[in-house]
Amino acid sequence: MSTPHPSARATPAPAPAVRAGRAVRKAVIPAAGLGTRFLPATKATPKEMLPVVDKPAIQYVVEEAAAAGLDDVLMVTGRHKRAIEDHFDHAFELEQALAAKGDTVRLDAVRDPARLASIHHIRQGEPLGLGHAVLCARRHIGDQPFAVLLGDDLIDPRETLLSRMLDVRDRLLGSVVALMEVPPGQIHRYGCAAVEPTGEEGVVRVTGLVEKPAPQDAPSRYAVIGRYVLDPDVFTVLERTPPGRGGEIQLTDALEQLASGGTVHGIVFEGLRHDTGDKADYLRAVVRPACERPDLGPEFVAWLRGFLGELDGTRPGHRDVAA
Ligand code: G1P
């Protein structure tokens with residue numbers, strides 16, 4: 001789902017200033033899912049590698065982490081995810097060929113993914129759920145707070161959500177989740193949070209969490225979207241968390257444990273987000289930046305206007321013109 005962004009404009013804003021001395025340096029990106037919603041496109045290509053204009057979706061997520069000052073990214077992958085590893089590695093032959101041609105623009109585009117952060121990969125082995133994927137990161141993370149970014153959620157690069165979450169973690173400690181109000185008919189797709197005010201605008205205390213509740217059981221309309229800043233305590237809880245919804249070890253269930261101890265806060269996000277796991281929203285996630293990009297936008301928007309006119313019958317269609 002998505003909401004219009006009040007400050008949508010063509011050129012991306014500079015990355016938010018990163019506060020010095022933040023406790024969080026590392027990000028974890030779970031990317032072991034099978035991507036069944038996008039078959040057959042995802043039969044041999046990881047869903048995280050589906051293009052959004054001319055970059056794979058996961059690159060936007062790594063760019064978001066890097067823009068918030070996280071310089072160490074661990075991808076938790078599964079089988080058939082070699083393309084992700086290759087994308088964030090050097091491509092020696094391609095780089096040589098572009099360098100020989102003097103094509104510095106494309107050379108930079110090829111080199112950029114590997115320069116974003118120090119990128120590590122680990123395999124989940126068995127698809128035991130998001131909570132288990134996070135637990136796989138334990139050794140790499142150690143005893144430090146860390147961020148988790150889910151690849152299906154694309155947050156507009158002009159937003160400062162992750163940076164705000166890191167600031168809240170620094171001030172209030174514990175864990176921080178990103179929340180978004182959704183229509184009651186959509187809450188069953190998300191983790192749902194019971195909340196109470198903190199007195200600070202946009203920041204709530206999370207008092208309970210339930211994974212993908214039926215609408216009548218949902219404690220609120222606040223959905224957990226795929227950004228988390230987690231206290232390392234979560235590992236101890238995850239170790240003891242039994243399989244929950246769908247027979248999987250749920251991160252939501254571990255956070256519910258921590259929330260009952262009063263150590264989980266939520267940031268209420270009202271900005272622009274796309275769920276690329278949803279086909280219609282994936283298309284919106286592609287069309288919006290295509291319209292806004294200076295190199296593509298003018299021509300593409302002109303075409304789009306004409307096409308919409310065709311669809312609602314106010315302009316002659318391609319076939320009408322050709323006939
Ligand atoms: C996961 C989480 C869920 C969260 C959602 C956000 O679900 O389990 O709590 O609300 O991501 O995108 P998934 O979409 O992987 O089923």
Side-chain angles (χ1 to χ4, degrees), residues 1-3 28-38 42 46-48 50 57-58 60-61 64 75-78 124 127-137 147-156 159 161-162 165 175-195 204 206 208-215 217-230 234 237-238 241-259 264 266-269 271-282 284-285:
M1 63 152 293
S2 65
T3 47
V28 174
I29 302 182
L34 293 175
T36 48
R37 282 191 283 181
F38 272 84
T42 48
K47 67 173 173 169
E48 294 81 4
L50 294 179
I58 196 166
Y60 292 87
V61 179
E64 181 190 338
M75 312 259 180
V76 184
T77 62
Q124 189 176 359
L128 298 179
L130 177 59
H132 178 257
V134 170
L135 193 51
C136 290
V148 173
L149 293 85
L150 304 189
D152 280 349
D153 290 273
L154 287 193
I155 306 287
D156 190 281
E159 302 289 354
L161 172 65
L162 186 56
M165 294 174 75
S175 296
V176 186
V177 296
L179 301 173
M180 196 161 185
E181 236 180 316
V182 301
Q186 292 182 14
I187 199 73
H188 67 279
R189 297 195 213 154
Y190 297 96
C192 176
V195 302
V204 290
V206 175
L209 281 156
V210 46
E211 179 68 3
K212 304 199 173 97
D217 300 329
S220 76
R221 287 169 51 178
Y222 286 113
V224 177
I225 56 171
R227 298 292 179 272
Y228 308 79
V229 177
L230 300 177
V234 76
V237 179
L238 277 169
T241 301
R245 197 171 172 88
E248 296 186 342
I249 298 172
Q250 298 291 351
L251 180 58
T252 303
D253 294 345
L255 287 171
E256 152 71 11
Q257 287 276 311
L258 294 172
V264 181
I267 295 257
V268 180
F269 180 62
L272 180 59
R273 157 198 178 254
H274 289 291
D275 173 7
T276 59
D278 175 82
K279 281 180 202 171
D281 213 13
Y282 170 72
R284 287 189 281 269

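For ligands, and for the atoms within them, numbers begin at 1 and follow the listed sequence. Just so you know, these numbers come straight off a predicted model, no measurement behind them. Any value given below was found using the heavy atoms of this structure, including those in side chains, with hydrogens, waters and symmetry copies removed.
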**Student:** Within the structure provided, determine whether Tyr222 and Glu181 are in side-chain contact (heavy-atom separation under 4.5 Å).
**Tutor:** yes
**Student:** Does the side chain of Tyr190 reach to within under 4.5 Å of the side chain of Val224, using non-hydrogen atoms?
**Tutor:** no
**Student:** Please name the pair of heavy atoms, one in Val206 and one in Ala193, separated by the smallest distance, quoted to 0.1 Å.
**Tutor:** CG1-CB, 4.1 Å
**Student:** For ligand 1, give me the residues whose heavy-atom distance to it is below 4.0 Å, by chain and number please.
**Tutor:** Leu130, Leu150, Asp153, Tyr190, Gly191, Glu211, Lys212, Val224, Gly226, Tyr228, Gln250, Thr252
**Student:** For Gly271 and Glu159, work out which heavy atoms get closest and say how close.
**Tutor:** CA-OE2, 3.2 Å
**Student:** Hey, does Val148 have a side-chain heavy atom less than 4.5 Å from the side chain of Val134?
**Tutor:** yes
**Student:** Check whether any side-chain heavy atom of Thr276 sits under 4.5 Å from a side-chain heavy atom of Leu50, and report yes or no.
**Tutor:** no
